[in-house]
Every structure is written in structure tokens, then in C-alpha cells.
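Before any comments, here is the structure.
No experiment lies behind these values; they were computed from the predicted model shown.
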Amino acid sequence: MKKIKFLIGMLLLTISSFSYSQNTTCSIPKESLASLPNETAMRELNRVCNAKNEDALKSLIINSKAFILDAKTKVIVLKTYFTTSDIKVISGPNRGIKMRISNEHLICK
């Protein structure tokens, strides 16, 4: 029973650590990929990355369905979901574009 309580506590701690408030300023710690801000685009990006399909990834990037964010890019969190967040880029070449990114790729104050 103690083990179950511990695991539940760790799960809640993990979930809460990725819960960012709306309008929180964050940065991207290392070069990362992001998609258009919708679930379908994020699923497509994950599918392509998991399959290690470089041609499909290039196509997503060329068609502005996926984006490469440089390290230290600044973003504002617009909305947070369980494992992802909708963001708006506020620095760098993608400035002004709204995207969806995995929460693990954000460092927030």
C-alpha cells in the first residue's frame, strides 16, 4: 500500500511539474521540434519522428506543419494540456507563430 501511495504521489508531482500557467514566459533549452497548434498535427509529427522518416519530416517542415526551434528561443505558453502546450514564439526566426510542443522541451520560470 505504501508503494502505491508513493507511486501516485510521484505521478502527481510529475504532472504538476508540467502544469504551466497561461502567459508564462519559457525558453527552449535545446533545439526542438514543434507542430501547428492542434492535436492532429502533433500526432503526425510524433508518428513521423517515431518512424525516423526524414523525408516525411522534411515535408512537414517545408509545408509549415512542423518547425525547428533553436535553443534559447523564448515562447509564451498559451494553453497547457497533459503532455503538450500551445505556445507563441516571441524570439527568433519563427517569432509570432503559434505552435504546439511537448512540455519536456520547455523551461519555465
Side-chain angles (χ1 to χ4, degrees):
M1 187 65 166
K2 284 183 180 181
K3 200 179 245 185
I4 292 173
K5 285 183 182 179
F6 174 76
L7 292 174
I8 290 171
M10 291 303 293
L11 177 63
L12 292 175
L13 181 62
T14 302
I15 292 169
S16 66
S17 70
F18 288 133
S19 181
Y20 305 121
S21 300
Q22 191 173 358
N23 295 321
T24 300
T25 301
C26 303
S27 63
I28 309 298
K30 60 182 180 180
E31 188 174 79
S32 301
L33 287 169
S35 73
L36 289 174
N38 64 65
E39 190 60 33
T40 303
M42 192 65 180
R43 269 193 237 126
E44 177 69 6
L45 178 59
N46 284 333
R47 185 187 65 74
V48 166
C49 288
N50 288 337
K52 295 180 173 53
N53 186 336
E54 290 183 27
D55 291 333
L57 179 57
K58 287 177 188 175
S59 177
L60 290 176
I61 292 168
I62 289 168
N63 293 307
S64 298
K65 293 181 179 179
F67 306 89
I68 298 172
L69 296 175
D70 297 326
K72 300 182 182 177
T73 298
K74 300 286 185 213
V75 301
I76 293 177
V77 174
L78 302 173
K79 188 170 183 177
T80 300
Y81 304 95
F82 185 68
T83 60
T84 61
S85 291
D86 287 346
I87 58 170
K88 183 176 181 180
V89 179
I90 58 173
S91 73
N94 294 306
R95 185 179 181 155
I97 299 177
K98 293 179 182 177
M99 305 176 186
R100 183 165 291 180
I101 194 166
S102 290
N103 291 334
E104 66 191 55
H105 298 291
L106 294 173
I107 296 200
C108 301
K109 299 175 185 177

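A donor-acceptor pair under 3.5 Å is formed between the side chain of Thr73 and the backbone N or O of Asp70. In terms of modelled atom types and a separation under 3.5 Å, the side chain of Ser91 and the main chain of Lys74 share a donor-acceptor contact. Using a distance-only test at 3.5 Å, with no hydrogens or angles considered, no donor-acceptor pair links the side chain of Asn63 to the main chain of Lys65.
Atom OG1 of Thr25 and atom NZ of Lys88 lie 12.0 Å apart (nearest 0.5 Å). Between the CG atom in Asn46 and the CD atom in Glu39 there is a gap of 8.5 Å [rounded to 0.5 Å]. Atoms CG and CD1, on Leu57 and Ile62 in that order, are 9.5 Å from each other to the nearest 0.5 Å. How far CD of Glu44 is from SG of Cys49: 10.0 Å, rounded to the nearest 0.5 Å.
Between Ile28 and Ile101 there is a side-chain heavy-atom pair separated by less than 4.5 Å. Counting heavy atoms from C-beta outward, Met42 and Ser102 have side chains that approach closer than 4.5 Å.
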(request) Dump the intermediate steps for side-chain contact (heavy atoms from CB on, under 4.5 Å) on Arg100 and Leu45, then the final yes or no. (result) CA-CA 10 Å; Arg100 183 165 291 180; Leu45 178 59; over 6 Å; no

(request) Might you work through the side-chain contact (heavy atoms from CB on, under 4.5 Å) test for Leu106 and Ser85, ending with a clear yes or no? (result) CA-CA 9 Å; Leu106 294 173; Ser85 291; 4.0 Å; yes

(request) Take Leu69 and Leu33 through the test side-chain contact (heavy atoms from CB on, under 4.5 Å) and record every step on the way to the result. (result) CA-CA 6 Å; Leu69 296 175; Leu33 287 169; over 6 Å; no

(message) If you apply the rule side-chain contact (heavy atoms from CB on, under 4.5 Å), what do you find for Lys98 with Asp86, and how did you get there?
(response) CA-CA 7 Å; Lys98 293 179 182 177; Asp86 287 346; over 6 Å; no

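Using a 3.5 Å distance cut-off with no hydrogens or angles, the side chains of Tyr81 and Asn103 do not pair a donor with an acceptor.
Closest heavy-atom contact between Gln22 and Leu78: CG-O, 3.2 Å. Closest approach of Ser32 to His105, counting heavy atoms only: OG-ND1, 3.3 Å. For the pair Ala34 and Met99, the tightest heavy-atom approach, listed with the atom from each and the gap, is CB-SD, 3.7 Å.
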